[in-house]
Amino acid sequence: MTPSGETFRPEIRREGIAVSPGIAIGRAYLVGRDSIKAPRHHVESEEVEDEIARLHRAIVTSDRQLEKVKQKLASENESDFHIISAHQMMLHDEHLVDAAIGYIRDEKINAEWALRRAVDDIRAVFDAIEDTYFRERASDVEFVFERILRNLLGRETGPLAPPPDAIVVAYDLSPADTAQLHRAAVAGLLTDAGGKTSHTAIIARAHEIPAVVGLEDITEVVESDDLMIVDGSTGVVIVNPTRETVVEYRDEQRRQAAAGAVLMSNRDLPARTRDGVAIQLYANIDGPDEIEGAIAHGAVGVGLTRTEYLFMTSDRVPDEDTHYRQAVDVIDRMRGRPVTLRTFDLGADKLAGFLEGEVEEANPALGLRSIRLCLTDLGRPLFKTQLRGLLRASAHGALRIMFPMISGIGELRAAKVVLEEVKEELRREQIPFDEQVKVGIMIEMPSAALTADMLAREADFFSIGTNDLIQYTMAVDRVNEMVSYLYEPLHPALLRLIAGVAKAARAHNVPVTVCGEMAGDAMVAPVLVGLGIHEMSMSAVSIPEVKGTLRTITVSEVEKLCARVLDLPTANDVRDAVAAYLDELGMQRGTGS
Ligand code: PEP
Ligand code: MG
């Protein structure tokens with residue numbers, strides 16, 4: 001006991017997966033989701049129909065509740081909106097409802113128990129799948145179960161109501177809960193479950209709430225109202241921090257806030273090097289609802305719209321109008337700034353409902369993904385539908401269409417044949433589109449990088465997707481933790497490929513952008529400039545820092561630096577050389593950093 005009578009609780013540190021940066025200090029708000037259990041008892045034969053009616057009523061009530069949440073979100077957040085629609089569909093899924101009714105009838109058990117068993121059956125199928133993305137989707141089934149269960153039991157299902165600035169601690173959070181937590185301006189989020197692709201992570205990042213997931217047992221360690229620190233950049237979580245620790249993190253929080261404010265103040269400054277070369281910094285987005293943030297961080301355009309999220313966040317395949325409306329929305333919200341939409345890049349770790357059971361592959365990252373899928377009988381109708389939507393949108397404002405994962409000239413030509421067919425259809429139907437619409441490609445595999453000179457003759461622009469280019473150059477699965485040490489943006493092999501693509505693009509007067517994550521690393525961006533890249537696209541939050549660094553360099557210096565680093569044998573050597581150059585700049589400017 002402490003002198004004040006409280007029980008002394010030591011400082012505890014845990015480390016999880018850092019998914020959304022920033023430091024939060026606040027009191028724990030424990031979401032006791034796992035505390036409600038489904039009661040189990042048998043029912044008499046004459047009670048069976050009543051149990052089934054109870055189940056139906058609880059499903060209808062759950063549907064209405066989700067509809068309300070969805071309507072509130074409709075105008076603000078499209079991705080959350082789609083996720084909640086998917087949950088509504090699950091409520092009526094025959095595998096769930098019919099199976100539960102079957103258990104009530106056949107085994108004469110109560111609705112709660114029957115529902116639990118039906119959910120367990122579905123979970124067993126999900127759990128058997130090795131893919132992390134799919135396993136994480138099993139939590140969606142649990143969210144739906146819990147909502148029906150609460151309605152069966154007459155327990156409150158309203159939105160979570162943490163006090164302002166609380167740190168929400170949960171086993172897992174449903175997208176509906178997470179979206180509402182954002183409204184309540186919580187300070188941080190922590191979950192036992194989840195990975196980088198979990199919805200909690202996606203939404204936390206989009207809303208800039210510091211978050212750490214995959215903590216395994218944080219709900220066991222924390223008690224409600226415990227003082228906590230969340231470091232969303234390192235994944236460190238501290239429960240009951242000592243006074244010294246709090247002081248240390250408050251200082252760091254202030255430092256980060258000040259640094260962030262200084263960086264954000266460059267929002268309206270051009271990204272121009274000291275010797276006057278303009279570098280264009282664009283944003284990568286998953287949908288129109290991210291545009292406000294992109295502009296706020298100083299993006300001068302959208303360099304990559306990952307349109308596949310339209311397929312991933314809904315059970316329904318998007319129709320032509322959906323593609324059209326999304327593209328027009330992006331154009332409108334960017335108010336005249338350039339916009340690039342990539343045709344859907346599904347497969348490997350990005351899955352959609354319509355692919356379920358259709359393609360089973362031993363090596364999905366090397367398989368039927370992306371443009372390859374679009375050129376098959378399975379993908380072509382959806383590809384054409386999307387192209388019709390995008391072309392129609394091109395009449396509305398400037399947009400560029402980009403094909404992902406092009407391996408070489410044959411595939412580019414095949415994709416363009418489909419595009420021409422669609423254009424011809426539109427002409428016949430007298431539907432307007434921009435006849436001059438620019439059509440470019442992503443360069444994300446060595447075969448494309450090494451034939452960039454040929455591709456440059458037939459593509460209007462290039463965008464180098466280094467996330468995949470690293471994966472395919474280094475033969476390292478980009479989502480496999482065990483080989484992540486090989487996932488190295490500054491590897492000489494990668495730098496040589498980028499330099500080759502930039503050179504071919506320049507020779508043929510083809511604009512070239514880098515849109516992989518490495519563009520958003522302020523230490524790496526100067527190297528890209530030195531290799532001849534003057535356009536980059538990145539997560540909007542990275543723009544201020546990258547711009548800050550680019551404004552301190554000169555193109556002539558970084559070109560000289562790159563001429564040297566291209567001959568260095570390892571990524572570490574390259575990193576040291578770049579760090580020395582940036583340090584030197586810092587010292588010249590009197591900051592010493
Ligand atoms: C890339 O591969 O670098 C890229 C931007 O595309 P994605 O991350 O969507 O595969
Ligand atoms: Mg890619």
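The model shown is predicted, which means the values in this text are computed figures rather than measured ones. Both counts, for ligands and for their atoms, begin at 1 and track the order of listing. When a residue number appears, it is its place in the shown sequence, counting from 1.
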Task: The one among Glu308, Arg306, Arg369 that brings a heavy atom closest to atom 9 (O) of ligand 1 - done: Arg306
- [ ] Using a 4.0 Å heavy-atom cut-off, say whether Leu469 meets ligand 1 through its side chain, its backbone, both or neither.
- [x] neither
TODO: Could you pull out all residues at least two apart from Asn572 that satisfy side chain to side chain donor-acceptor pair (under 3.5 Å)?
DONE: none
Open item on the list: Is the contact between Arg342 and ligand 1 made by the side chain, the backbone, both, or neither, using heavy atoms and a 4.0 Å cut-off?
Closed with: side chain
Open item on the list: Show the atoms of ligand 1 that are less than 4.0 angstrom away from any heavy atom in Gly516.
Closed with: 3 (O)
Open item on the list: Taking Asp332 first and then Arg335, would you say they form a salt bridge - that is, a charged N and a carboxylate O separated by under 4.0 Å?
Closed with: no
Task: Contact partition for Thr466 relative to ligand 1, non-hydrogen atoms under 4.0 Å - done: backbone
TODO: In sequence, state the C-alpha distance, the side-chain angles, and the governing distance for His396 and Asp434, and then conclude on side chain to side chain donor-acceptor pair (under 3.5 Å).
DONE: CA-CA 8 Å; His396 188 86; Asp434 175 7; over 6 Å; no
- [ ] Please list, in chain and residue-number order, the protein N/O/S atoms closer than 2.8 Å to the Mg ion (ligand 2).
- [x] Glu444 OE1, Asp468 OD2
TODO: Of the side chain and backbone of Asn284, name the one, both, or neither that has a heavy atom under 4.0 Å from an atom of ligand 1.
DONE: neither
Let me have the donor-acceptor pairs involving side chains of residues 505-523, under 3.5 Å, with sequence neighbours excluded, atom names and distances please.
| unit_1 | atom_1 | unit_2 | atom_2 | d |
| --- | --- | --- | --- | --- |
| His508 | ND1 | Ala504 | O | 3.0 |
| Thr513 | OG1 | Glu535 | OE1 | 3.3 |
| Asp521 | OD1 | Met523 | N | 2.9 |

Open item on the list: For Glu444 and Tyr472, which I'm curious about, is there any donor-acceptor pair between the side chains at under 3.5 Å?
Closed with: no
Task: Nearest-neighbour protein heavy atom for atom 3 (O) of ligand 1, which is reported as residue plus atom name and distance - done: Asn467 N, 2.7 Å
Task: Atoms of ligand 1, numbered as shown, that sit under 4.0 Å from any heavy atom of Leu304 - done: 5 (C)
- [ ] Among Arg325, Arg333, Met334, find the one that has a side chain to side chain contact (heavy atoms under 4.5 Å, CB included) with Pro288.
- [x] Arg333
Open item on the list: Using 30° and 60° as the class boundaries, would you call the ring planes of Phe344 and Phe383 parallel, tilted or perpendicular?
Closed with: perpendicular
Task: Note: Arg380-Asp377 ion pair, threshold 4.0 Å (strictly below) - done: yes
Open item on the list: I'd like to check which ligand 1 atoms, numbered from 1 as shown, lie under 4.0 Å from a non-hydrogen atom of Gly465.
Closed with: 1 (C), 2 (O), 3 (O)
Under 3.5 Å, sequence neighbours excluded: what are the donor-acceptor pairs made by side chains of residues 453-462?
| unit_1 | atom_1 | unit_2 | atom_2 | d |
| --- | --- | --- | --- | --- |
| Glu458 | OE1 | Arg413 | NE | 3.0 |
| Glu458 | OE2 | Arg413 | NE | 3.4 |
| Glu458 | OE2 | Arg413 | NH2 | 2.6 |
| Asp460 | OD2 | Val439 | N | 2.8 |

Open item on the list: Is a donor from one side chain sitting under 3.5 angstrom from an acceptor on the other, for Gln326 and Asp329?
Closed with: no
